[in-house]
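Computed from a predicted model, the values in this text were never measured in an experiment. Naming convention: chains lettered A, B, ... in sequence-line order (proteins, then strands); numbering from 1 in each chain.
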Amino acid sequence: MNAKNPKNQDVASHSHFIRRRIEADLASGRVKAIKTRFPPEPNGYLHLGHAKSILLNFGLAKEYGGTCNLRFDDTNPEREEQEYVDSIIESVKWLVPEFDGKALYASDYFDFMYQCAEYLVTSGNAYVDSQSAEDMKRNRGDFTRPGVDSPYRSRSPEENLSLLREMREGKHADGAHVLRARISMASPNINMRDPALYRIKRATHHRTGDRWCIYPMYTYAHPIEDAVEKITHSLCTLEFEDQRPFYDWLLNKLADGGLLQHPLPQQIEFARLQLTHVMLSKRLLIKLVEDKVVDGWDDPRMPTLAGARRRGYTPEGFRRFAERIGVSKENSWIDYSVFEDCMRQHLDEVAQRRFAVLDPLKLVIENYPEGQEELMEAPNHPKKPQMGKRTIPFSRELWIEREDFQELPEPKYFRLYPGNKVRLRFGYVIECIGYDKVTNIVSAKYLPETKSGTSGADSIQVKGNIHWVSVRHARDAEIRIYDRLFKTEKPEGQYDLNADSLKKLRARLEPSLENADMQAVQFERHGYFISDRDGFSRTVTLRDSWATATR
RNA sequence: UGGGGCGUCGCCAAGCUGGUCUAAGGCACCGGAUUUUGAUUCCGGCAUUCCUAGGUUCGAAUCCUAGCGCCCCAGCCA
């Protein structure tokens with residue numbers, strides 16, 4: 001960790017409170033190796049917020065030579081589905097190359113959890129409450145008033161045990177009873193006022209089927225899951241901070257009873273990711289899919305990992321992002337530009353360059369013979385000769401970008417306009433000699449001695465450099481341009497959709513794109529794109545200081 | 001209102017066993033150099049100030065006290 005080396009800042013992992021905590025635990029010998037876990041509930045697709053957690057947990061494990069489990073927190077059969085399990089495994093595999101694809105399930109520990117419940121009952125630490133949900137709520141008290149004990153709170157361990165067994169055996173209706181911890185109804189921390197441990201719920205579980213009719217609550221199940229897996233550092237988000245006293249209470253009781261061994265897992269909370277212009281509420285995400293605002297969970301505009309993948313965002317970019325934003329307990333909003341910058345940075349290194357004219361305008365080179373053609377040579381990457389070259393056919397009629405021509409140029413515009421010279425990138429320098437408003441054709445003459453790669457190439461200096469595609473050789477393709485789904489900077493509640501989040505264009509491409517089997521490509525002067533289905537999707541634009549200046 | 005957290009540049013975020021802090025780094029922004037992508041790269045600028053007010057100290061972003069602000073908790077959800 002060379003946090004102080006500014007040259008390596010971007011790759012260097014910087015200090016944060018969880019790393020320090022782990023280092024202290026390792027140094028003191030409290031744990032000999034670390035073990036973390038990523039515990040999603042399979043009730044939706046993974047999103048950008050989960051990426052932070054996944055990368056934190058798997059990243060820390062890798063960094064300190066430990067391991068990390070993917071574990072499904074499947075304790076509520078009413079909301080969980082196999083489809084989500086599958087998509088989650090898929091996304092984690094994509095994001096984390098070292099992940100072996102093996103998943104663990106809380107539901108595999110149901111027997112042990114139940115055994116722990118019986119122990120808590122017999123040791124007087126839990127009881128069966130038969131109040132209605134409404135009474136329980138009323139008797140919990142509020143922020144100012146302590147709760148009052150349930151009339152069932154003093155049932156004997158024997159009575160509690162037989163009731164608990166009857167609950168498990170299905171002798172009681174849903175909601176008739178609930179198992180609660182016996183802690184204190186007067187605790188200033190409401191989470192400690194005898195929290196519910198088990199509820200009766202006749203629902204078919206996606207893995208255990210109808211074997212159970214009682215299911216453990218998250219509060220109760222999670223600490224046990226961690227302990228069973230010998231997790232050392234259980235990382236979760238800030239809203240679980242108030243739950244930590246119960247987490248520790250439970251684990252210590254079970255350890256006292258010999259059901260668990262030390263060292264016990266430690267819960268550590270950090271701030272969840274909030275990204276500007278991105279909405280990460282599962283409820284709203286589901287709504288976007290159901291309302292068909294987007295084309296499914298993996299729509300490239302969706303902030304899901306499945307969507308990010310189709311959009312062309314890369315795992316490496318995510319890794320840089322996670323490292324860059326750090327980890328803290330500060331409730332913060334990360335600017336979307338940080339995310340985009342991480343992706344650009346990675347894509348710049350790996351993407352081959354190609355020409356694509358997105359908004360075509362015809363250019364005719366009057367002094368170039370009809371029927372003649374040449375092959376221009378162009379590197380696949382300006383700084384990586386090892387990535388090779390390709391050739392681009394050149395002819396008299398070309399497609400150029402509409403925005404690369406202005407009949408009446410605005411100040412500082414140095415692209416094509418009548419009388420101005422510009423280089424056709426990797427080709428010739430041309431001079432614009434006219435524009436026909438009726439046919440919409442720009443005419444120019446080329447300077448034969450200025451061909452790229454020849455000795456005369458630099459005989460004429462020009463400021464502008466534009467890309468082009470030969471009309472006769474052009475390939476046609478659909479290009480999808482995505483923009484943010486939400487207009488608001490911090491879309492927390494209801495959604496405020498951007499009507500222009502998807503634009504489809506008919507573009508002209510240089511022929512070498514036809515058989516290209518590329519993960520990511522840069523269309524020069526436009527941005528990074530990914531080949532998706534029968535066209536290309538724009539992942540992210542290039543930085544554009546001209547656009548910023550014109551704004 | 002009781003409890004739990006958090007407050008360092010427009011946005012993140014180091015720093016927190018007090019001095020090397022007239023406070024790192026990134027994003028954004030503003031210059032300028034190089035450039036056959038108005039891209040990349042490079043160089044420079046960007047908090048005498050660390051929520052506020054007191055205090056301790058030779059010395060405080062770092063310690064103490066009192067305020068102020070924001071977030072979370074009253075599901076048989078996670």
Side-chain angles (χ1 to χ4, degrees), chain A residues 3-6 9-10 12 14-16 39-41 43 73 75-76 78-79 129 131-133 136-138 140-147 174-180 187-193 196-201 214-215 217-219 221-222 236-245 269 271 276 282 323-342 344-345 348-349 353 355 378 382-383 412-415 423-427 429 452-453 457-458 462-467 522-527 541-550:
Chain A
K4 287 295 185 283
N5 184 344
Q9 191 56 41
D10 237 40
H14 60 258
S15 164
H16 66 236
E41 181 187 14
N43 69 342
D73 221 333
T75 58
N76 185 355
E78 283 172 348
R79 333 201 299 178
D129 194 355
Q131 293 182 101
S132 66
M136 252 183 82
K137 179 184 170 68
R138 189 171 325 112
R140 186 151 29 228
D142 58 28
F143 295 153
T144 35
R145 264 170 258 287
D174 285 15
H177 309 284
V178 47
L179 183 73
R180 300 179 75 177
S187 172
N189 178 352
I190 293 184
N191 298 287
M192 292 296 269
R193 320 243 258 231
L197 272 27
Y198 266 96
R199 74 286 214 184
I200 304 174
K201 191 190 284 270
I214 58 171
Y215 290 94
M217 301 285 292
Y218 161 86
T219 317
H222 206 89
C236 63
T237 44
L238 257 25
E239 68 270 26
F240 295 104
E241 215 151 16
D242 293 335
Q243 218 104 249
R244 192 171 68 232
E269 312 83 12
T276 59
K282 264 185 195 173
E323 192 51 54
R324 197 124 121 190
I325 62 176
V327 183
S328 76
K329 300 187 74 156
E330 173 94 31
N331 230 299
S332 57
W333 284 84
I334 309 291
D335 211 285
Y336 200 72
S337 65
V338 177
F339 180 77
E340 288 194 317
D341 186 70
C342 292
R344 275 195 196 104
Q345 219 177 66
D348 175 56
E349 290 170 13
R353 314 290 135 125
F355 283 174
K383 289 182 178 169
K412 292 188 177 168
Y413 185 81
F414 55 65
R415 274 115 92 156
R423 172 172 296 279
L424 292 173
R425 190 155 157 82
F426 304 129
V429 169
S452 282
D458 296 324
V462 291
K463 195 104 202 294
N465 217 301
I466 68 174
H467 59 93
Q522 182 198 95
F523 288 158
E524 294 210 13
R525 308 207 300 135
H526 284 300
T541 62
L542 249 29
R543 266 212 198 86
D544 188 350
S545 57
W546 171 241
T548 342
T550 347

Novice: List the residues meeting side-chain hydrogen bond (donor to acceptor under 3.5 Å, both in side chains) with A/Arg140, not counting sequence neighbours, and say none if there are none.
Specialist: none
Novice: I'd like to check the ring-ring contact (aromatic ring centres under 6.0 Å, His included) partners of A/Tyr218; sequence neighbours left out, ordered by chain and number.
Specialist: A/His222, A/Phe240
Novice: Could you work out, with side-chain contact (heavy atoms from CB on, under 4.5 Å) as the rule, every residue matching A/Ile325, not counting sequence neighbours?
Specialist: A/Lys52, A/Leu273, A/Phe321, A/Ile334, A/Val338
Novice: Polar atoms only, N or O, under 3.5 Å: list the protein pairs with nucleotides 67-69 of chain B and their distances.
Specialist:
none

Novice: Please classify the nucleic acid contact of A/Arg353 as base, sugar-phosphate, or nothing, using heavy-atom distances under 4.0 Å.
Specialist: base
Novice: Name all residues meeting the side-chain hydrogen bond (donor to acceptor under 3.5 Å, both in side chains) criterion together with A/Thr144; count only those two or more places apart in sequence or in a different chain, and write none if there are none.
Specialist: A/Asp142
Novice: Paired with B/A14: which nucleotide, if any, by Watson-Crick or G-U wobble criteria at under 3.5 Å for both distances?
Specialist: none
Novice: Can you check the distance between B/C16 and B/A60, where both ends of the measurement are the C1' atom (answer in whole Å)?
Specialist: 11 Å
Novice: Which protein N or O atoms sit under 3.5 Å from an N or O of nucleotides 29-35 of chain B?
Specialist:
none

Novice: Which base sits across from B/A66 as a Watson-Crick or G-U pair, both distances under 3.5 Å?
Specialist: B/U52
Novice: Using a 4.0 Å heavy-atom cut-off, write out nucleotides 71-78 of chain B from 5' to 3' as B (base contacted by protein), S (sugar-phosphate only) or - (no contact).
Specialist: SBBBSBSB
Novice: B/G25 C1' sits how many Å from A/His16 NE2, rounded?
Specialist: 16 Å
Novice: Please name all residues satisfying ring-ring contact (aromatic ring centres under 6.0 Å, His included) with A/Tyr336, sequence neighbours left out, ordered by chain then number.
Specialist: A/Phe339
Novice: Where each residue is assigned the nucleotide of RNA chain B containing its nearest heavy atom, which of A/Asp544 and A/Ser328 is assigned the position nearer the 5′ end?
Specialist: A/Ser328
Novice: Rounding to the closest angstrom, what is the interatomic distance between B/C9 and B/A14 at atom P?
Specialist: 13 Å
Novice: Would you say A/Ser545 places a side-chain N or O within less than 4.0 Å of OP1 or OP2 belonging to B/A39?
Specialist: yes
Novice: Look at all strands and tell whether A/Pro382 reaches a base, only sugar-phosphate, or nothing, counting heavy atoms closer than 4.0 Å.
Specialist: base
Novice: Between C1' on B/C9 and CH2 on A/Trp333, what's the gap in Å once rounded to a whole number?
Specialist: 21 Å
Novice: Among all residues two or more places apart in sequence or in another chain, which pass the side-chain contact (heavy atoms from CB on, under 4.5 Å) test with A/Asn191?
Specialist: A/Asn189, A/Asp242, A/Gln243
Novice: Can you name the ring-ring contact (aromatic ring centres under 6.0 Å, His included) partners of A/His526, sequence neighbours left out?
Specialist: A/His467
Novice: What contact category does A/Tyr413 fall into here, base, sugar-phosphate, or nothing, at under 4.0 angstrom with non-hydrogen atoms?
Specialist: base
Novice: Could you check A/Gly326 against A/Ala547 and say which one's nearest nucleotide on RNA chain B is further toward the 5' end?
Specialist: A/Gly326
Novice: Can you tell me the Watson-Crick or wobble partner of B/C42, both distances under 3.5 angstrom?
Specialist: B/G32
Novice: Would you mind reading off the distance between A/Ile325 atom CD1 and B/G25 atom C1', rounded to a whole angstrom?
Specialist: 15 Å
Novice: When rounded to the nearest Å, what value does the distance between C1' atoms of B/C63 and B/U17 take?
Specialist: 11 Å
Novice: Considering residues at least two apart in sequence or located in another chain, which fulfil the side-chain contact (heavy atoms from CB on, under 4.5 Å) criterion with A/Thr550?
Specialist: A/Glu410, A/Trp546
Novice: I'd like to check the side-chain hydrogen bond (donor to acceptor under 3.5 Å, both in side chains) partners of A/Lys282; sequence neighbours left out, ordered by chain and number.
Specialist: A/Asn43
